[in-house]
Every structure is written in structure tokens, then in C-alpha cells.
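The first residue in the sequence is number 1, and the count goes up from there. Everything numeric in this text was worked out from a predicted model, so none of it was measured.
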Amino acid sequence: MPRPSRRVDVRATAARIFREHGYLAATMDQIADEVGLNKGTLYHYYPSKSAILYELLSEQVDVTLEMLARVPLTGSSTERMRFFVREQVAHVATRHDELVVFFQEVPWMDQRLSAEDARSIRQRIYRYEEFVKSLLAEGVRTDEFRPLAPSTTLYSIIGILAYVPNWYRRPEDGTDDLMVEEVTDFVMGGICAGRPEKPAAGARRGSRT
């Protein structure tokens, strides 16, 4: 019988090592030792350290674009923005190592990755940024959102999302829905011109002691 792939283990271990030691200080030998593979087997899964980093960054961008595709096409700008913000908060609350590495290394991807790989990541990030800025501009036009420059609001939201994995730890019994709602409310409170629209009764789930 063929042996099961250890690719997922390698990627998860690499994410933890990149977070703890930094990408530049991490080595393929260290990753192989932590996973319990010989170096030759590790190179069978990933030909280089940069290949692991590219997959980690690429996966997070693709997950975000999948969220973007789920944003309702109808409804107010506030409703659509709340949906998207909540999806993102819920995601960053469940991917600790991967998200810390993403926000830590994206500013340096031109130095870490090949030109082609860096361009691929950048193009997909651009799609995300243009979607959010378009949605924010629409909300300003309809007087739902405060008249702030879309770029200012976008990067402020990204800053909040980037820091969640640094302080939040998911409880053992699952996702803390109340935390997700609270952060979403905080973000929407900074965007909306008036009181932000709340989700329908019963939409808030979970409690925190």
C-alpha cells in the first residue's frame, strides 16, 4: 500500500516554524526534523523553502477570494459589507500560524519568492482590494458609510484582521461566535455613517464566559 502523503503535516509544521523563528532563520533541515522526515522525502513534497511559503500565502489569498465570491449580489452595502467582514473575521480566528505568517511575509514576498510567484499573489490580492474598495465607495455614495477614502478604510480593516491571530485563541469546544460578532460590530461601527445594521434576530450564536 502507498504511504499516506505528509504534505499537510509539512505545510502546517513549516507555518509554525516560520511564525516562531521567521522565514529567513527557518531551514529545510529544521522542518524535516520537526515532521520526522528525511530531507530527501521533504524535497519530494516541496523543492524549496520558498515553495512552501508560496503555497501558504497562495492558500490564504484563495480562501479570501472564495469568501468574496459568496458575498450576496443584492442587498444594501451595509449588509453585504457585514457579511464579508464577518466571514473574514471568522477565518482569521481559526488559522493561527498560517495567518500570522501571511501578514508577516506578504510585505517581503518580492524578496522571498520568484518574480512569477510574487506576481501571482499580488494579482489576486489586487482583486480582493479592488472589490472591497468598490463596495466601500458604493456605501459612501448611498450615504451608508462614512465619507472616508476607500483605501484608508480598507487598510484599517486589514490591520484589524492581521492582528486577530496574534491575540485570539479559539476555545477547545469550537469557534467563539460572540467574539466574531463583536469584532465585526467594531469594524462596521467605524465604517457606517449611522448605527450599523444588525443581523436578524437569532443570528448571533454562542456565548463567552
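V92 is not listed as a side-chain neighbour of Y168, based on a closest heavy-atom distance of 4.5 Å or more.
With hydrogens and angles left out, the side-chain atoms of R124 and S58 include a donor and acceptor closer than 3.5 Å. Under 3.5 Å, the side chains of S48 and S50 contain a donor-acceptor pair of N or O atoms. Between the side chains of N38 and T41, at least one donor N or O lies within less than 3.5 Å of an accepting N or O. S77 and E138 are linked by a side-chain donor-acceptor pair at a separation below 3.5 angstrom, with hydrogens and angles left out of the test. Using a 3.5 Å distance cut-off with no hydrogens or angles, the side chains of Y128 and Q88 do pair a donor with an acceptor. Between E116 and S114, the side chains place no donor N or O within less than 3.5 Å of an acceptor N or O (distance only, hydrogens not considered).
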- Task: Show your working on side chain to side chain donor-acceptor pair (under 3.5 Å) between E34 and T13 and close with a plain yes or no.
- Result: CA-CA 7 Å; E34 290 277 350; T13 300; over 6 Å; no

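Under a 3.5 Å cut-off, the side chain of R127 and the backbone N or O of L65 do not form any donor-acceptor pair. A distance-only check finds no donor-acceptor pair linking the side chain of H21 to the backbone of A26 [under 3.5 Å]. Judged by distance alone, the side chain of E144 and the main-chain N or O of T78 form a donor-acceptor pair under 3.5 Å.
Separating the CZ atom in R146 from the OG1 atom in T153 is a distance of 8.0 Å, to the nearest 0.5 Å. Between the SG atom of C192 and the CG atom of D143 there is a distance of 12.0 Å, given to the nearest 0.5 Å.
Using a cutoff of 4.0 Å between basic side-chain nitrogens and carboxylate oxygens, E20 and R16 are scored as salt-bridged. D117 and R112 are not joined by a salt bridge, as no carboxylate oxygen comes within less than 4.0 angstrom of a charged side-chain nitrogen. Residues E130 and K133 are paired through a salt bridge, judged by an N-O separation under 4.0 Å between the basic side chain and the carboxylate.
Using cut-offs of 30° and 60° on the angle between ring planes, the pair Y23 and F18 is perpendicular.
Judged as a side-chain hydrogen bond (donor to acceptor under 3.5 Å, both in side chains), and not counting sequence neighbours, the contacts of E55 are R7, R11, Y46.
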